[in-house]
Amino acid sequence: MKREPLSFKQTVYLLILFIIGSTIILPVGTEAKQDIWAAVLLAIVMTLPVVLVYARILSLYPERNLLEINEQILGKVVGRFINFLFAFYAFTLCALVLDNFGQFINVTAIPETPLAIPMLILCLLALWATKEGLEVIARSGEVYLPIIVFVATFTFLFLTPNLNINRLQPSLYQNSGGIVSAALHLFSFPFAETVIFTIIIYCTNKTKAMAKVYLAGLLIGGGIILLSVTSVMAVIGPERYQASYFPAYLAVQTINVGDFLQRVEVVVFLIAIFAGFIKISLCFFAACKGLSNALGCKEYRFLTVPLGLLEFLFASNLFNSTKQMAQWASEVYLYFAFPFQVALPMVIWILGEVKRRGRQGSPEVDLHDELR
Amino acid sequence: MKKSICVLFVFWHLFVLWSMTGCWNFREIRDLAIVIGASFDKKDDQIYLTVEVLSPKGGEQEQGATGSLGITPQLFEGSGKTVFEAVRNMISKAGRKLYWSHARVFIVSEDVAKEGIIQIIDWINRDAEVRPQTWILVSKGQAAGDILRTQSKLFDTVSMQIDTLLRNQGNSGKLLGVTVGDFLEEMQKPGVGAVAPIIESVKDGREQIPQVKGSALFKGEKLVGFLDGEETMYLLFLRNQMKKGTLIAVTAQQPKANVSLEIFRSHTTKTVRLVDDRPVVDIWVDCLSGIAEISEENDVISERGSQKLTERTNKELRNKITDTIKKVQNEYGTDVFGFGNLIYRERPDLWETIPKGGWAKVFPTVDTNVNVNIMMRGSAKLSEPTRIGE
Amino acid sequence: MPSFQNRQELVNELEYHYFIFLLFSIFGIVEAIQLYHQKQRKELTIYLFLLLPGLVITVYTATQVGLPSIAEELGSWFGWMSQ
Amino acid sequence: MTKVTPTGLRRNICTNRLTAAADKKSPQVGRNFNCALGSNIKVIQKILQNDGLVIYRKIRLDTNPFRACYVIYVDGMVNSDLLNENILRHLLIFNFGDRRQAPKMSFSDVLMNRVLSTGNVQTEKVIDSAIQSLLYGNVLVLVDGIPFAFVIDAKGWEIRSISEPETERVVRGPREGFIENLITNLTMIRRKMINPALKMVFRDIGTRTRTKICIIYIEGIARPEIIQEVYRRLDKVQLDGILEPEYIIEFIRDAPLSPYETIGTTERPDTAVGKLLEGRIVIMVDGSPFAITLPYLFLEYFQANKDYYDSFLYSSANRLLRYISFFLTTSTPAIYVALVNFHQEMIPTRLLISIASAKEGVPFPAAIEAFIMLMAFQLLREAGVRLPSPVGQAVSIVGALILGEAAVTAKIISAPMVIVVALTGISGFLVPEMPGVSFFLSLFFLFSSSFIGFFGYIFAVIAVTIHMTSLRSFGLPYLSNLTSIHGKELKDTVVRAPWWWMTYRPRLLSRDKRRLADPGRPEP
């Protein structure tokens, strides 16, 4: 039987898992302090138009992903060069997430194990999943998301006695600079990282309204992030949030139900590894696809092994310490990601629209449907 | 076929990896010395650490003992220039690796606390094994190690007794359990001073037993003073941490006129307002309580008597709370009530006018306005005071 | 690379690097033979072009102690990170 | 237990010599009968040389002039009443000379229409085919001067009586199970489904045994592409002997190396019909009381037929229990090892201390202990299954009690580990169809979690998910019902919804999706 393309639900699940990914373990939006909820909301609002642009690009050329669209719009040479850049971005992002999880596991739970071991295993798993194909990743996502939602709900319920709304005050007082800066960071990590999805999915009959897919994924994923960071902030307060590398872990540590359900943070964050694995696999998949396209190969699967090795080496030599990782995330990543998340998609979109107008007489056919 | 060979290779290799390098974080459970409580003393720039350790080795000696664990705790002492060094020096004595995840209490001696507690707090928060949910206490007037050397009558170890006590917070209403995490947060938060409960060893019968009562007040990282049990109760009211089931006693002027009240529910609201450019904190204590004991023949249950009692109680509580605030303001000058944090939260504009680090100067001058509103409900099983027959 | 505190740690590092090297070599040989048999010359070239440097880097990092991280290197080139 | 009769044995190997002859390209192969009875008989006797079970009964027919006739059959494979009463007797007493009884009929027509009074009589021209049907239990009648043989269906061999299947007992529900006879099995299915849409297609498989198999499906429900796929894969089976469905399963299943079953078996006709009604295809093999059902999805491990015979609330609770027991049987040793060796902080203090005192003096790390105990448990289980049941029970009880107790006393194994392994083993019995999978999984998880604790465990879970999501059973994703949390399909996956609520069949499996004509809650 023919393998089906991803369904609407699978794509949305993947988007949600991708957005949750490493975001829930890392200290995101520290600049906003107690107004972090506002920063998340602002970041979602900022991401909306960008995401609609991604969706629009895909809808311009049905049955094609960004790589093929690039070739179509920019021509073979330039298009492939741009695809190479995108593959590089996916590669880097994959290494970053891999590193985040490696550091997280290493610092919080098993400090004596070399950092590289969990990273290597995660990398091998992502390699295997990529070799099996996108459908396997999507189905795994369908298995994981309910588990994540289940565990997260219970974690949230157990955390409620520790929530203290006082820690979120004073709210919105002369903190606009912090909020905007935090929102920018949240925009680049994780929301606009969904540009990776343009490489791996394409517009089919089943996922006709690409904008709908993106909006659903962004809003649900963003909602989960909003809930999680706000509750973490309300449990540990802005001072400890800022000081910690992994604030959510600190917050979950405070769970104590009837003196027997305590010290469960390891189990809770095991579940986060599911989301992280999906994010790593998707990025790695995108990197393989992008590179194979840039090199003009039809098949991407043969690239997984050598690229996996390089990925692991890159990730394990990227940072020497958790401090460096945090510093890089807060100081450099925003500027590094900007071209891939905003600039290049904008250019592609505009060129695509122009080409489309040139190609067709009436370009306004379903514009309203898509950008509604 | 090729694929499955690859998969087999992966598994074979994982096995090789496993058997070659061993398991890094592998800890055999019987090799652990489980730390259940620790105390910190200071003498001549050296930190003296005493830990209470549970280890199964002790269990064999105590086979058949009636205690729930059947284990006697062992005490180890170590010293060093830093906490970490003291911990490391102890390994050579204990022989087994100290395992800190199950630690319940940390006791800091008064001397250490007066010089600054940050060293200990930082180590607890930084170390992955030690948990911030551990209780922190200050031993008053004694070496902290001596507390661990006392006897626990109903529990296996002193630390477990203190842990259970603090978790239930007692019904005495005279102590305030604080975890290291909370302590750190209050230490870092603007406009609030940290508090920790006091622990002492007292003689009970023939044995020395630990007693937790009152609270130690910190200004920044340094200990500045103590509140006794009675004042701690008012502190609890002010911090809105009064638990239900607490008993308070109301005394009137004439002898034999005492009434004990049990608190069912208590809620404290604090607001800040400006009077002549100076902040005034209004405090409302709403309290639902019932009569638990009447030691006079007077009628306090009927509507009129109850009203009188309520008035009397309100007045008395208000005075006591105000006195406590005054005492802290004048003698210690640390804002353990969180007035500064209240201003920071509710009037951030006002907070900005206070120069950085200037709150300590402003705090003693803050005016407070305490309102107590006690609602009486019920009088336990008896509807009348116990009368004496003619 | 963190600095090694004792010999045992060094041995651990070496061993898992050895493991990675061996694992990817075997993968590489199997897949390269497969590609060779399928007469996908271009793919084979790309494959080896990517894999061999990776293996060399693995060996290099296994034998070096205290290498600066990639982020540090980049930071010193562009002056990103405040060291 | 199967009674192995000489004929049963013979049915399995009956065509050996025939094929051997075919291999030698003997001149007789493919030859037709000719008119001379003597040469026909000689050919047959030559092919069936040294086969003492074949009986040649020569009859001189009452014709004018006398004609000879041979009745050939295999001893024990024919119904002797039928043979004697309806074939031999008529041949013996019929007066062929009396033309009034059969005016204007040829001799063979007379035989067909007046003499042979059995249900199924056919004529066969090719010698090989005739011999094959002879060996399958048919009676051959060869008459002088007629260039073909009459093949009379008079099969009747000893069969086991229908009894309740041992492996799938139910408290409530039908008590019959399949037996070794294909036709009887098919009648059991047919009796439950009186509908012309039920299709049964026969095939011969096994180059030597020529085993009859039957592919059963319901037209209009089963998806034609799956049926085509089944035919395609069956055509590839070139094994010489098929004695049991597993011989076929291993040829036609997807992912042949995976421990997960992608093809199911059942011993119960009601289960088989239930699967048919869900759009699945059932294959029955002659000589085995097990039917193959396919496609087989992961969730079917947890759907026991008794679920459908009990109250839906109770069944749903049972089903949830089965999921939990699957989790327990695969993960308990791994979680225990991770807790005890890596994440001691998660164990409550008192429990930690009691585990530590139990471990005091035990020389092995928990992982090795768990491995030893799991192996011992498997040994006991296997020994218990193979031995006759009273002895088997004794072995299990003695083994479990005495060995466990002695091992704890001798400080080889710690007491908590005995509890853990007992829990693992006993919860494994709740999902009896997957002993292999749960054993492999528990070993794999144990191994991973003894490597880096809970993280190893979760990595192993991810690896297993990748494997399972990449599996397919005849084109259907193996986890399809599990992963698609679809309101309609949830009704028969996690829980068992009441029958009046299960309006639809599984979505991917079937063509006609509607199961219930008029959905709605029954009203009193």
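The sequence lines fix the lettering, A, B, ..., with proteins before strands; numbering per chain opens at 1.
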**Student:** Hey, what do you get for CD1 (Ile458(D)) to CG (Leu125(A)), rounding to the nearest 0.5 Å?
**Tutor:**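 Those atoms lie 11.0 Å apart.
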
**Student:** Donor-acceptor pair, Arg263(A) side chain versus Glu345(D) backbone, under 3.5 Å?
**Tutor:**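 Yes.
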
**Student:** Can you tell me how far apart OH (Tyr144(A)) and OG1 (Thr469(D)) are? Round to the nearest 0.5 Å.
**Tutor:**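 Reported value, rounded in 0.5 Å steps: 7.0 Å.
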
**Student:** So, do Phe451(D) and Ile121(A) sit near enough that their side-chain heavy atoms are less than 4.5 Å apart?
**Tutor:**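 Touching, per the 4.5 Å side-chain cut-off.
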
**Student:** Kindly give the heavy-atom pair with the smallest separation between Ser140(A) and Thr465(D), and that separation in Å.
**Tutor:**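 For Ser140(A) and Thr465(D), the tightest heavy-atom pair comes out as OG-O, 4.4 Å.
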
**Student:** Less than 4.5 Å apart, any side-chain heavy atom of Leu479(D) and any of Arg139(A)?
**Tutor:**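 No, too far: nothing below the 4.5 Å cut-off.
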
**Student:** Could you check if a side-chain atom of Ile452(D) sits within less than 4.5 angstrom of a side-chain atom of Ile105(A), using non-hydrogen atoms only?
**Tutor:**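 They are not in contact (no side-chain heavy atoms under 4.5 Å apart), so the answer is no.
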
**Student:** Quick check for you: among Val266(A), Leu270(A), Ile110(A), which has the greatest number of heavy-atom pairs under 4.5 Å with chain D?
**Tutor:**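 Ranked by contacts with chain D, first place is Leu270(A).
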
**Student:** Can you confirm whether Tyr231(D) is buried at OH, in the sense that more than 12 heavy atoms of other residues, nucleotides or ligands lie under 6.0 Å from that atom?
**Tutor:**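 Result for OH/Tyr231(D): enclosed.
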
**Student:** Kindly check if the number of other-residue, nucleotide or ligand heavy atoms within 6.0 Å of CZ (Phe371(D)) is above 12?
**Tutor:**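 No, because the 6.0 Å sphere around CZ of Phe371(D) holds 12 heavy atoms or fewer from other groups.
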
**Student:** What heavy-atom pair brings Phe455(D) and Ala109(A) nearest, and what distance separates the two atoms?
**Tutor:**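 Answer, listing the atom of Phe455(D) first, then Ala109(A): CE1-CB, 3.2 Å.
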
**Student:** Might you point out which heavy atoms bring Ile466(D) and Ala129(A) nearest each other, and give the distance in Å?
**Tutor:**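 Between these two residues, the closest heavy atoms are CD1-CB, 3.8 Å.
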
**Student:** Give the minimum heavy-atom separation between Phe459(D) and Leu122(A), together with the two atoms involved.
**Tutor:**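 Reported closest heavy-atom pair: CE2-CG, 3.6 Å.
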
